[in-house]
Amino acid sequence: MSTPAMPVFLAALAGALVGGCAVLTAVGTQARADEDTVRMGHLVVERLDIVEPDGTIRQALYSKARDPGILIRGQRFPHPSRTQSGMLFFNDEGSEVGGLVYAGERAADGTPSSGGALSFDAYEQDQIVQVIGVKDGERQLSGMAVNDRPMAPMDFGLLASLPADASEEEAARVLAAANAQNTRRGFFGRTWDGTSLVELRDGEGRKRLDMRVTPGGEAAIRFYDETGTVTRTLEP
C-alpha cells in the first residue's frame, strides 16, 4: 500500500523535532557518561571484569591465580588445562567465545620459554581459529590453525569430570561423549623443525595437500590420498 506524501512543512517540522530529540539524547548520554567516569592514574588488580549494565560478563582480564574457569551463560566450570594469565571474551549470553593467553619463564636448567595464543570459539564449543606463537629454547612453533567442531554444544560438566591421569582410551571416550572432538582443517606457519608449511585437510581431518619450504630452501607441493600416502609431488 502506498503512503500519501507528507507536506513539505510537516516534513521539516518532523525533521526538526527528531533532530532536537537526538541532541537532547546525546547531551543526556554525555552527562551520564561523565557522571559514571572515574579517572585513575594506576589500578592494580588480580582480575578485572567488563560487564553490561545487567551484569552480563563480556571480557575478563586475569592473573594466573585468578583464572575465571570456563563460563557458559554465567555458570562456571573448571578448566582442565589452562594455567596461563590472559584475557577472555564472552558473547551476549555470558558464554566464553575465545581469548588471549600468554606465559613465559626460564627453566631450572636456564632454558627460556615464551608463548601466547589468540583463539576464537564456536558457540558453546572450543576454538575454531587459533593464532599461536611458542618458543622453547631453540625450538619454535608459530602460525594459524583452523578447526571444525561439532554443532552440538560441548558438555563442559562431563569434560570437567575427566581425571588428569585418564588413559588415552578413557579420554577419547569422554571427549566424544562431551562433543569435544576437534578436526583440524588447515594450518599455516612455521613447524618445530623450522619448515614453513601450508597444510590442508579434508572433513575427516586427513591431510590431502601441503606446501612446504625447508630451512635449507627445498620447496615442494605434495598431494595425499585418504590413507595419507603421497600420490603426487611437485618440485621446482
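Keep in mind that the numbers below use all heavy atoms, side chains included, and drop hydrogens, waters and symmetry copies. Throughout, numbering of the chain's residues begins at 1 and tracks the sequence. Model, not experiment: these values are computed from the prediction.
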Quick check on the hydrophobic clustering: are [X] and [Y] connected, directly or via other members, by side-chain heavy-atom contacts under 4.5 Å?
X: V45; Y: F90; answer: no
X: M87; Y: L118; answer: yes
X: V97; Y: F77; answer: no
X: V44; Y: M40; answer: no
X: V131; Y: V101; answer: no

Stepwise side-chain contact (heavy atoms from CB on, under 4.5 Å) test for L175 and L159: CA-CA 7 Å; L175 289 175; L159 194 63; 3.5 Å; yes

Kindly compute the distance separating [atom1] ([X]) from [atom2] ([Y]), expressed to the nearest 0.5 Å.
X: T231; Y: R208; atom1: OG1; atom2: CZ; value: 8.0 Å
X: L48; Y: Y62; atom1: CG; atom2: OH; value: 13.5 Å
X: R190; Y: K135; atom1: CZ; atom2: NZ; value: 6.5 Å
X: S114; Y: Q140; atom1: OG; atom2: CD; value: 10.5 Å
X: D193; Y: L141; atom1: CG; atom2: CG; value: 10.0 Å
X: F156; Y: I72; atom1: CZ; atom2: CD1; value: 4.0 Å

Donor-acceptor pair, side chain of [X] and main chain of [Y], under 3.5 angstrom:
X: Q125; Y: A152; value: yes
X: R184; Y: N147; value: no
X: R185; Y: D202; value: yes

If you count heavy atoms of other groups shown closer than 6.0 angstrom to [atom1] of [X], is the number above 12?
X: R66; atom1: CZ; value: no
X: F223; atom1: CZ; value: yes
X: E168; atom1: CD; value: no

Residues in side-chain contact (heavy atoms from CB on, under 4.5 Å) contact with D136, at least two apart in sequence or another chain: T111, S113, R139

Is there a side-chain contact between [X] and [Y] in this structure, where contact means two heavy atoms from C-beta onward sitting under 4.5 Å apart?
X: R222; Y: D210; value: yes
X: D92; Y: T56; value: no
X: D126; Y: N182; value: no
X: Y224; Y: L200; value: no
X: D121; Y: F89; value: no
X: P68; Y: R76; value: no
X: R82; Y: L88; value: yes
X: R206; Y: R201; value: no

Which residue pairs pass the side-chain hydrogen bond (donor to acceptor under 3.5 Å, both in side chains) test when at least one of the two sits in residues 152-165, sequence neighbours left out? none

For E218, which residues count as a salt bridge (Lys or Arg N to Asp or Glu O under 4.0 Å) partner, sequence neighbours excluded? none

Checking L197, V198, V146 against F188 for side chain to side chain contact (heavy atoms under 4.5 Å, CB included), the one that qualifies is V198

So if I apply the side chain to side chain contact (heavy atoms under 4.5 Å, CB included) rule between Y123 and each of R149, M151, E93, which one comes out positive? E93

Give me the atom names and distance for the closest heavy-atom approach of [X] to [Y].
X: T183; Y: G203; answer: CG2-O, 3.5 Å
X: P150; Y: N179; answer: CG-O, 3.6 Å
X: Q127; Y: S119; answer: OE1-CB, 3.6 Å
X: R73; Y: S95; answer: N-OG, 2.8 Å
X: A160; Y: P78; answer: CB-CG, 3.8 Å
X: A171; Y: L162; answer: CA-CD1, 3.9 Å

So, are E105 and K64 salt-bridged, with charged N and O less than 4.0 Å apart? no

